[in-house]
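Beneath this line is the structure, given in C-alpha cells, with notes to follow.
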Amino acid sequence: MSNPIEANPGATTAPAPSDFIRDIVAQHVVEKKYPRIHTRFPPEPNGYLHIGHAKSICLNFGIAREFGGTCNLRMDDTNPAKEDVEYVDSITADVNWLIGGWADHCLGLTPAKAPFYASDYFDHIYEFAVALIKKGKAFVCDMTPDQTDEYRRLGKPSPFRDRSVTENLDLFTRMKNGEFPDGAKILRAKIIVDSPNIWLRDPLLYRIKHTDHHHTGSKWCIYPMYDFAHCLSDYIEGITHSICTLEFEVHRPLYDWILENLDLPRALPKQYEFARLSLGYTIMSKRKLMQLVDENLVTGWDDPRMPTISGIRRRGVRPEALRNFAYNIGITKYNGITDVSVLEFAIREDLNKRALRRLAVLRPIKVVITNFAEGKIEELDATNSPEDETAGKRKVPFSRELYIERDDFAEVPPPKFFRLKPGGEVRLKYAYIIKCEEVVKDTSGNITELRCTADLDSKTGGATSARKVKGTIHWVSAPHAVDAEVRLYDRLFTEAEPEKDGRDFKSVLNPKSLEVITAKCEPSLKDAKPTERYQFERMAYFALDLDSQPGKLVFNRTITLKDAWAKESQKK
RNA sequence: UGCCCGAUGGUGUAACGGUAGCACAGCAGACUCUGAAUCUGUUUGUCAUGGUUCAAAUCCAUGUCGGGCAACCA
C-alpha cells in the first residue's frame with residue numbers, strides 16, 4: 001500500500017491526505033487568503049519529543065510541504081524554570097531526523113540555522129504588553145496567586161483593575177527592572193471578569209520570575225505567559241495556521257482577543273485544534289516519561305522501549321515508518337486510542353522493504369550433519385533481500401556442525417508442526433534438506449545435540465533440490481558463528497491502557513520488556529553498519545545499537561516478524 | 001458546577017443531503033527454500049429518541065455517554 005504523500009514528493013498542491021484542517025487550508029489557498037501557508041511546530045524544551053509530537057510534526061510539516069509553504073521549528077520557551085538546552089538539542093535533532101529528506105526543505109530557520117525561539121521575541125512581546133497597557137486593556141495586579149485564583153473562579157474584578165494607565169506603565173516598567181520579588185505583581189489583560197470562559201476572566205499576561213533563561217540568560221526577570229507569547233510569536237513569524245491540540249480549544253478566544261486588540265497591520269494567524277495521539281500500551285505524558293527516566297525504570301530518554309522519538313529511533317525504526325504511521329491514523333477532533341498494531345504494521349511494512357536478510361540463531365541448539373565431511377566448508381549463496389533484487393547476494397559458510405533455533409525442533413511435535421522432529425525432514429535455508437536421526441541428551445534429560453543426515457543432492461542446483469519439504473529453517477555454521485549481544489525489547493506495559501481507572505502506570509510495567517541474550521550470527525554480520533537494517537530470517541528485524549563496539553556487536557530487536565505459528569500453536 | 005468539544009465495525013478513519021468505503025486487527029484459503037512478504041475471500045458499524053426532507057451518518061431539537069478547561073505550566 002503506497003502512501004500518496006511519499007509517492008508524490010515534489011507536490012505543492014494538496015494530494016490525497018484529507019482531514020478537516022487540510023480542508024480549511026486548501027480553502028484558504030483557493031481564496032488566496034494568505035500570500036503563502038506558514039505553519040509551526042512549537043515544543044517547549046522541557047523534555048524529549050515523543051510519538052505524539054511526531055503526529056504533530058508530520059501534520060505541520062506535511063501541510064507546509066503539500067501547500068508549498070514553510071514550517072517553523074520554534075522553541076516555546078517562556079518558562080525558564082523548566083527548560084534546558086539539553087532538550088533544545090534533542091528536539092532539534094529529533095525533528096531533523098523525522099523530516100529529513102521529506103520536508104526539510106520546508107523548514108523555516110533563523111539565519112544561524114538554528115530553530116526559532118519564542119524567547120528571541122521577548123523585547124517585541126514586551127512592547128506589545130506596553131501597547132495593551134496604553135490602550136487601557138491591561139493592568140498590573142497586586143493580588144496573591146491564591147487571591148487571583150479565587151477572584152477568577154468567582155468572576156470578581158480585581159481591586160487593582162482600574163489603575164491608571166500611567167500607574168500601570170510605571171509598575172510594569174518596575175516589574176521589568178526587577179524591583180519586585182516573584183509573585184508580588186502580575187500583568188493582566190482587562191477583558192471580562194465574569195466571562196463563562198475562564199480564559200477571558202482577566203487572564204495573566206506577564207509574571208515575575210527571577211530565573212536565568214537557557215537562551216536569554218539573565219536579561220529578563222519577567223516572562224510572558226503561554227497565551228500572550230504564543231499568539232504573538234505566531235504573528236511575528238507570519239504564521240497563518242497555528243495548529244495545536246484540543247486542550248487549547250478554550251484558549252482560542254484569548255488567542256484572538258490579544259491579536260485583535262493590538263491593531264496589527266498584517267493578516268492574523270488563526271488557531272486550529274486536533275486530537276492528540278493516544279497509543280495502546282503506551283503513556284504519552286512528558287512528566288511521566290521523565291519519571292521513568294528519573295527512577296531508572298528505563299535506561300534513559302532514548303531507551304528503545306520509550307515512546308520518545310529518540311527511543312524509537314534507537315530501536316531501529318526509520319523515519320519513513322513513523323511518517324506513514326502518522327499518515328495512516330489521520331487527524332480528527334475525536335479522542336480515541338490508536339491500536340499499537342497500526343504502528344507495528346507501519347514499522348514492519350517499511351523494514352520488510354529495506355532490511356537485509358541475515359541468518360542468526362537466537363537460542364541455539366547444536367546440530368551435527370553426520371554424513372558431511374569433517375573439516376569441509378561450503379560457501380552457499382544467500383539472497384540479501386527478496387524485496388529488492390539490487391541488494392544482491394552474499395556467501396554463507398556451511399559445515400558439519402551447525403546451530404539451529406531451539407524452537408525449530410520438537411521431540412514431541414504438536415499438531416501442524418512442520419519444523420524438525422525425530423525422523424522428520426526440514427530444509428536448511430539456502431542449504432540441504434536434513435533428517436533428524438538421533439536426539440542426544442545429557443544426564444538430566446536436556447537435549448544437547450541433534451544428529452542429522454543431509455540429502456547431499458538437495459541444495460540449490462542439486463538433483464533433488466526441488467523436493468518439497470514442508471518446513472524451512474534458518475541456521476548458522478557453528479565454527480563460523482559470530483556472537484552478538486541481542487536485546488529483545490517488548491512493550492513497556494502489560495496493559496493496553498496503563499492508566500485506566502486511575503491506576504498507577506508503574507504498577508503495570510512489563511517485567512519482560514527487555515531480555516538480553518547472546519545470539520549466534522552468520523559471519524557477514526561482523527560488518528554490520530549502524531545505518532543498515534537487518535532481518536534475522538524468520539525471527540525479527542534488528543538494528544545495531546549505539547553501544548556496539550568494534551569486536552562487540554549489540555543488536556536491538558526493532559520488532560518481531562508476524563508469527564502465524566505462535567497463534568496456531570496456541571489454539572487448544 | 002459552569003463553559004467548550006466530540007460520538008461511524010474490535011481499533012483508527014472516509015463519505016460534506018443521494019449505493020456506508022479504507023486501513024489495522026480477526027477469520028478462511030492460495031502461494032512460499034522466511035509459518036514473513038504477497039494474493040484471494042470474509043465476519044462486524046452510523047449513540048438514543050423525535051423532527052425537517054422524495055431521500056439523513058450528514059440538517060434541527062432533546063437526551064445519553066466520552067473528553068477537555070477552571071496552574072503566576074505549556
Side-chain angles (χ1 to χ4, degrees), chain A residues 1 18-20 23 42-44 46 76-79 81-83 141 143-146 148-149 152-153 155 182-188 195-201 204-209 222-223 225-227 229-230 244-253 273 275 280 286-287 327-346 348-349 352-353 357 359 382-383 386-387 416-419 426-431 433 458-460 465-474 496 535-541 560-569:
Chain A
M1 170 202 38
S18 167
D19 55 66
F20 74 99
D23 287 349
E44 183 187 14
N46 67 346
D76 207 358
D77 54 351
T78 56
N79 183 6
K82 292 184 175 178
E83 297 156 8
C141 179
M143 286 198 293
T144 65
D146 285 347
T148 311
D149 259 12
R152 291 188 74 202
R153 203 166 349 105
D182 289 7
K185 297 202 172 349
I186 193 143
L187 183 73
R188 293 229 249 162
S195 165
N197 183 333
I198 305 285
W199 293 102
L200 260 20
R201 320 244 269 225
L204 285 28
L205 263 26
Y206 253 100
R207 80 282 217 185
I208 300 169
K209 211 180 257 262
I222 57 172
Y223 293 94
M225 300 288 293
Y226 164 83
D227 287 293
H230 203 94
C244 61
T245 43
L246 252 24
E247 68 269 27
F248 294 102
E249 216 162 11
V250 285
H251 294 237
R252 197 190 327 136
E273 311 86 12
K286 268 198 247 181
R287 205 192 89 239
Y327 170 79
N328 286 137
I329 58 177
I331 300 292
T332 63
K333 300 184 78 155
Y334 174 72
N335 279 300
I337 300 174
T338 298
D339 199 302
V340 263
S341 68
V342 181
L343 207 215
E344 294 173 342
F345 173 82
R348 289 194 181 101
E349 185 190 40
N352 176 48
K353 282 182 296 203
R357 309 299 131 121
L359 300 181
T383 304
E387 303 288 324
K416 294 188 187 168
F417 183 84
F418 41 84
R419 279 117 92 143
V426 77
R427 156 140 347 243
L428 296 177
K429 179 105 184 176
Y430 305 125
I433 293 170
S458 63
K459 75 173 175 187
T460 308
S465 67
R467 266 181 65 204
K468 294 290 176 197
V469 272
K470 190 64 181 161
T472 299
I473 64 173
H474 60 283
Q535 181 198 104
F536 293 176
E537 293 214 40
R538 302 206 311 128
M539 301 306 289
Y541 293 101
T560 60
L561 254 36
K562 272 181 74 177
D563 190 352
W565 168 244
K567 227 178 290 174
E568 177 69 34
S569 61

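Each chain gets a letter, A, B and so on, in the order its sequence line appears, and its residues count up from 1. Note that these values count all heavy atoms, side chains included, but never hydrogens, waters or copies made by symmetry.
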Inset, instruction - May I ask you to say what H251(A) touches in the nucleic acid, namely base, sugar-phosphate or nothing, with a heavy-atom cut-off under 4.0 Å? - result: base
Legend entry - Length of the line joining K459(A):NZ and C33(B):C1', which is rounded to integer Å: 15 Å
Inset, instruction - For U53(B), give its Watson-Crick or G-U wobble partner with both distances under 3.5 Å, or none. - result: none
Inset, instruction - Looking at every strand, decide which applies to T383(A) at a 4.0 Å heavy-atom threshold: base, sugar-phosphate, or nothing. - result: nothing
Inset, instruction - Kindly say if T332(A) contacts the phosphate of U13(B), meaning a side-chain N or O under 4.0 Å from OP1 or OP2. - result: yes
Inset, instruction - Report yes or no: is there a donor-acceptor pair, N or O only, under 3.5 Å between the side chain of T460(A) and the base of C33(B)? - result: yes
Legend entry - Sugar-phosphate only, base, or nothing, as touched by E44(A) at under 4.0 Å among non-hydrogen atoms: sugar-phosphate
Inset, instruction - Look at all strands and tell whether E344(A) reaches a base, only sugar-phosphate, or nothing, counting heavy atoms closer than 4.0 Å. - result: nothing
Legend entry - Separation of atom CD in E387(A) from atom P in U34(B), rounded to whole Å: 12 Å
Legend entry - Same-atom distance (P) from U19(B) to A55(B), integer angstrom: 15 Å
Inset, instruction - First locate atom CG of L428(A), then atom OG of S458(A), and finally report the distance between them rounded to the nearest 0.5 Å. - result: 8.5 Å
Legend entry - Main-chain N/O of T560(A) paired to R348(A) side chain as donor or acceptor, under 3.5 Å: yes
Legend entry - Counter-base of U32(B), judged by Watson-Crick or G-U geometry with both distances under 3.5 Å: none
Legend entry - Residue M225(A), side-chain atoms from C-beta onward, closest of C24(B), C73(B), C69(B): C73(B)
Legend entry - Residue pair T144(A) / D146(A), side-chain donor-acceptor N/O under 3.5 Å: no
Legend entry - Proximal nucleotide (of A71(B), A37(B), G6(B)) relative to the K333(A) side chain: G6(B)
Legend entry - Pairwise C1' distance for A61(B) and U52(B), with rounding to whole Å: 11 Å
Inset, instruction - With P as the reference atom in both, quote the distance from C39(B) to C54(B) in angstrom, rounded to an integer. - result: 47 Å
Inset, instruction - Could you tell me whether the side chain of R419(A) has a donor or acceptor atom within less than 3.5 Å of a complementary atom in the base of G35(B)? - result: yes
Inset, instruction - Check whether any side-chain nitrogen or oxygen of K209(A) sits under 4.0 Å from OP1 or OP2 of C73(B), and answer yes or no. - result: yes
Inset, instruction - Pick base, sugar-phosphate or nothing for I337(A), based on heavy-atom distances below 4.0 Å to the nucleic acid. - result: sugar-phosphate
Inset, instruction - Tell me what Y223(A) touches on the nucleic acid: a base, only sugar-phosphate, or nothing, going by heavy atoms under 4.0 Å. - result: nothing
Inset, instruction - For residues Y226(A) and F248(A), establish whether the separation of their ring centroids is below 6.0 Å. - result: yes
Inset, instruction - In whole angstrom, give me the gap between the C1' atoms of A20(B) and A30(B). - result: 30 Å
Inset, instruction - Using the P atom as the reference point in each nucleotide, state the distance between U58(B) and A48(B) in Å, no decimals. - result: 10 Å
Legend entry - N/O donor-acceptor pair under 3.5 Å between R427(A) side chain and S465(A) backbone: yes
Inset, instruction - Taking atom P in both G51(B) and U43(B), compute the distance separating them and give it to the nearest angstrom. - result: 33 Å
Inset, instruction - Indicate, with a heavy-atom threshold strictly under 4.0 Å, whether I329(A) touches base, sugar-phosphate, or nothing. - result: sugar-phosphate
Inset, instruction - Give a yes/no on whether any side-chain N or O of S465(A) is located under 4.0 angstrom from OP1 or OP2 of C33(B). - result: no
Legend entry - side-chain N/O K567(A) vs C27(B) OP1/OP2, d < 4.0 Å: yes
Inset, instruction - Tell me the partner of U58(B), counting only Watson-Crick (N1-N3 plus N6-O4 or O6-N4) or G-U wobble (N1-O2 and O6-N3) with both under 3.5 Å; none if nothing fits. - result: none
Inset, instruction - Check whether any side-chain N or O of R348(A) sits under 4.0 Å from OP1 or OP2 of C24(B), and answer yes or no. - result: no
Legend entry - R201(A) side chain to S195(A) backbone, donor-acceptor under 3.5 Å: yes
Legend entry - Partner nucleotide, any strand, of A15(B) [Watson-Crick/G-U, under 3.5 Å]: none
Inset, instruction - Figure out the CG/C1' separation between L200(A) and G2(B), and round it to whole Å. - result: 14 Å
Inset, instruction - Let me know the distance between CG of N197(A) and C1' of G68(B), rounded to the nearest Å. - result: 12 Å
Inset, instruction - Check every atom of C4(B), A37(B), U34(B) against the side chain of N352(A) and return the nucleotide holding the closest atom. - result: A37(B)
Inset, instruction - Starting at atom OH of Y430(A), determine the distance to atom P of C33(B), rounded to an integer number of angstrom. - result: 12 Å
Inset, instruction - Mind checking K562(A) for me? I need base, sugar-phosphate or nothing, with any heavy atom below 4.0 Å counting as a touch. - result: sugar-phosphate
Inset, instruction - Could you check whether Y541(A) gets within reach of a base, just the sugar-phosphate, or nothing at all, counting any heavy atom under 4.0 Å? - result: nothing
Inset, instruction - Can you figure out which of U32(B), A71(B), G35(B) approaches the side chain of K470(A) most closely? - result: U32(B)
Inset, instruction - Choose from A71(B), C69(B), G35(B) the nucleotide whose nearest atom is closest to any side-chain atom of W199(A). - result: C69(B)
Inset, instruction - Please report, rounded to the nearest Å, how far the C1' atom of A37(B) is from the NZ atom of K429(A). - result: 11 Å
Inset, instruction - Using the C1' atom on both, measure C47(B) against U40(B) and round to a whole Å. - result: 35 Å
Inset, instruction - Return the 5'-most residue of the pair V342(A), I186(A) with respect to RNA chain B, ranking by each residue's nearest nucleotide. - result: V342(A)
Legend entry - Sugar-phosphate, base or nothing in reach of G336(A), heavy atoms under 4.0 Å: sugar-phosphate
Inset, instruction - Using the P atom on both, measure U62(B) against U46(B) and round to a whole Å. - result: 24 Å
Inset, instruction - Select base, sugar-phosphate, or nothing to describe what Y206(A) touches, counting heavy atoms under 4.0 Å on all strands. - result: nothing
Inset, instruction - Could you tell me whether the side-chain ring of Y334(A) sits stacked on the base of G6(B), using a centroid cut-off under 5.5 Å and a plane angle under 30°? - result: no
Inset, instruction - Could you tell me whether the phosphate oxygens of C33(B), OP1 or OP2, come under 4.0 Å of any side-chain nitrogen or oxygen in K468(A)? - result: yes
Inset, instruction - To the nearest Å, give me how far apart NZ (K82(A)) and C1' (C73(B)) are. - result: 4 Å
Legend entry - salt_bridge(K562(A), E344(A)) N-O dist < 4.0 Å: no
Inset, instruction - Applying side-chain hydrogen bond (donor to acceptor under 3.5 Å, both in side chains) between K209(A) and each of N79(A), T78(A), D182(A), report the one that passes. - result: N79(A)
Legend entry - Pairing partner (Watson-Crick or G-U wobble, both distances under 3.5 angstrom) of A70(B): U1(B)
Inset, instruction - Can you tell me the distance, in whole Å, between the OH atom of Y327(A) and the C1' atom of C24(B)? - result: 14 Å
Inset, instruction - Determine, for W199(A) and R252(A), whether the Lys NZ or Arg CZ falls below 6.0 Å from the six-membered ring centre while staying within 45 degrees of the axis. - result: no
Legend entry - No-H, no-angle donor-acceptor pair, D23(A) side chain to C16(B) base, under 3.5 Å: yes
Inset, instruction - Using a 4.0 Å heavy-atom cut-off across all strands, classify M539(A) as base, sugar-phosphate, or nothing. - result: nothing
Inset, instruction - Please work out if P42(A) contacts a base, only the sugar-phosphate, or nothing of the nucleic acid, heavy-atom cut-off 4.0 Å. - result: nothing
Legend entry - Side chain of T472(A) (C-beta onward), nearest among U11(B), A25(B), U34(B): U34(B)
Inset, instruction - Could you please name the partner base of C24(B), counting Watson-Crick and G-U wobble pairs only when both distances are under 3.5 Å? - result: G10(B)
Inset, instruction - Indicate, with a heavy-atom threshold strictly under 4.0 Å, whether R427(A) touches base, sugar-phosphate, or nothing. - result: base
Legend entry - SB check E44(A) K82(A) (cutoff 4.0 Å): no
